[in-house]
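Here's the structure we're looking at; comments come further down.
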Amino acid sequence: MKDLPNIILDLIETTKKHEQYRKKECINLIASEGLKSPAVCQMLDLTHDLATRYAEGNNNKEGHVEKRFYQGQKYSSQIENHTTDAIKSLFQTTWADIRLISGTHANTATFKGLALASKNNKMAVTPLSCGAHISHDYTGLAGSILGLDNINHIYNINEFNIDPDKSAHIIRTTKPGIVTFGGSLFLFPHPIKELKEACKDVNAYIAYDAAHVLGLIAGGQFQDPLREGADFITASTHKTFPGPQGGVIMGIPDTPAKEKAVRKIQHSVFPLTASSTHLGRLPALGIACFEMKIFGQSLAAQIVKNAQTAGQYLYENGVKVVAEHKGFTKSHQLALDIREFGGGNKIAQELEDANIILNKNILPYDDQSDKENPAGLRVGFQDVTRHGMQEGDIKYLCDLMMDVIKGKRSSQQVKVDVMALKEEFSQVKYGFQSVDEALKYAKM
Ligand SMILES: *Cc1c(COP(=O)(O)O)cnc(C)c1O
């Protein structure tokens, strides 16, 4: 092995290379990666002391700091409260918890809290193969860490959605304590309204995992889960929501059952699953909330428009985009069935060689044993949209993708055009360029 000074030389050099490569030279179509504005980045840079502090303790029913165990927190407690209020204000909720360090952490605390509140260890989830996140599944967090039993929603492969009638029947006969919606391959709003009655009949809590679509919800361009009947939303703050990496849980606890759930969820945050809550990200998260208040609607609308434009254009040009009969998508994502051109693994690699970054993805009707070369690709448009691309630019990007997919030009040839396109769209739009600009808007 190399000695430590040489390891550090390599570490610093590869870090610089990464920043140059992914930030300056590649076009990012990974559906789970957000794009922070200069103001959010600047705020993160201004909070290095905060990022070294601890704030363990309890919160009250508004989600505000109630009790902390260490001294020196007169400002950090206020920062937590202000950030909580920013989230509550943006999403019009009466309670939020922003202490979660990731979406998986938010799910951990929520699933545990709801299992405690319902005294029921059964949770209805979308099958993993149909877009659920691994944290929902019995093979992941839900089953292997929390010991929850999964019941599967019945998924309609033609509609790329949960089948409401059949799933209502499953819920009524199996009586889970938690019913989850939301997912990682997530093209169309899930049937919360349609399943609300069945959940109520068996006293199940409804949890909606908005990790992927939180920014679209903030912009009013996707279903509004709490208004449709969900009890709690869990999410990452860094996918379509363009904040720092972290997690959030929110709700409107207006019944004794939901108030009880809030207490159990808070208990599951601290002391059960959090010690450091990574305070340094909180002011930046607040700034991102304000950006979404001001720019969220136009940003989210353009993201969805760009995804649909790409769906139509790729489809017209012979690439099988799934769910054609439904307009391809209502979110930021598309799913492509790329078998005809060699499968998800081969094409994702060839696109990477052309500096177009996305991921292979298993499709609901895929051979579930062939995870290495699934039929699908998942394509997300939140990053390129925030860089300012509109429909015409998206079609040009699709042309570059199809050159690779169809083998018309080599990846190396396409890469030159991809890098030029990235340079043209290097700014971050729909956000503040500095903390000062955020202040200016706040004083308006
Ligand atoms: C990404 C994702 C998560 C996990 O979020 P992290 O912030 O990466 O921990 C949870 N649920 C869904 C549906 C996701 O897509």
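Indexing begins at 1, ligand by ligand and atom by atom, following the structure's order.
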For ligand 1 and Gly246, I'd like to know whether there is a polar contact (N/O to N/O, distance under 3.5 Å). no

Near Asn107 (heavy-atom distance under 4.0 Å), the atoms of ligand 1 are 10 (C), 11 (N)

Logged contact type for Ala211 with ligand 1, heavy-atom cut-off 4.0 Å, is side chain

Query raised in the report: Below 4.0 angstrom, N of the basic side chain to O of the carboxylate: do Arg386 and Glu291 qualify?
Result: yes

**Message:** Under a 3.5 Å distance rule, please check whether Arg227 uses its side chain to pair with a backbone N or O of Gln223 as donor and acceptor.
**Reply:** no

* To do: Output yes when Glu391 and Lys395 qualify as a salt bridge under the 4.0 Å nitrogen-oxygen rule, no when they do not.
  => no

Separation between NE2 (His105) and OG1 (Thr110), nearest 0.5 Å, reads 9.5 Å

Note: ligand 1 atoms sitting under 4.0 Å from heavy atoms of Thr104 are 4 (C), 5 (O), 6 (P), 9 (O)

If we number the atoms of ligand 1 from 1 as shown, the ones under 4.0 Å from a heavy atom of Asp209 are 10 (C), 11 (N), 12 (C), 13 (C)

Of all protein heavy atoms, the one nearest atom 6 (P) of ligand 1 is Gly103 N, 3.4 Å

Treating Ser167 as the side-chain partner and Pro164 as the backbone partner, does any N or O pair qualify as donor plus acceptor under 3.5 Å? no

Any heavy atom of Thr234 under 4.0 Å from ligand 1? The part involved is neither

Residues at least two apart in sequence or cross-chain that pass ring pair (Phe, Tyr, Trp, His ring centres under 6.0 Å) with Phe91, listed by chain then number, are none

Atoms of ligand 1 under 4.0 Å from any heavy atom of Gly183, numbered from 1 in the order shown, are 13 (C)

Compute the centroid of each ring, for Phe181 and then for His153, and state whether the two points are separated by less than 6.0 Å.
yes

To atom 1 (C) of ligand 1, the nearest of His238, His212, Lys239 on a heavy-atom basis is Lys239

If we number the atoms of ligand 1 from 1 as shown, the ones under 4.0 Å from a heavy atom of Ser102 are 7 (O), 9 (O)

When Phe160, Tyr313, Tyr315 are each screened for ring pair (Phe, Tyr, Trp, His ring centres under 6.0 Å) with Phe328, the one that passes is Tyr315

Contact between ligand 1 and Gly247 is defined here as a heavy atom of the residue under 4.0 Å from a ligand atom; is it met?
no

If we number the atoms of ligand 1 from 1 as shown, the ones under 4.0 Å from a heavy atom of Ser236 are 5 (O), 6 (P), 7 (O)

Lys17 bridged to Glu25 by N-O distance under 4.0 Å:
no

So the atoms of ligand 1 within less than 4.0 Å of a heavy atom of Ser184 turn out to be 12 (C), 13 (C), 14 (C), 15 (O)

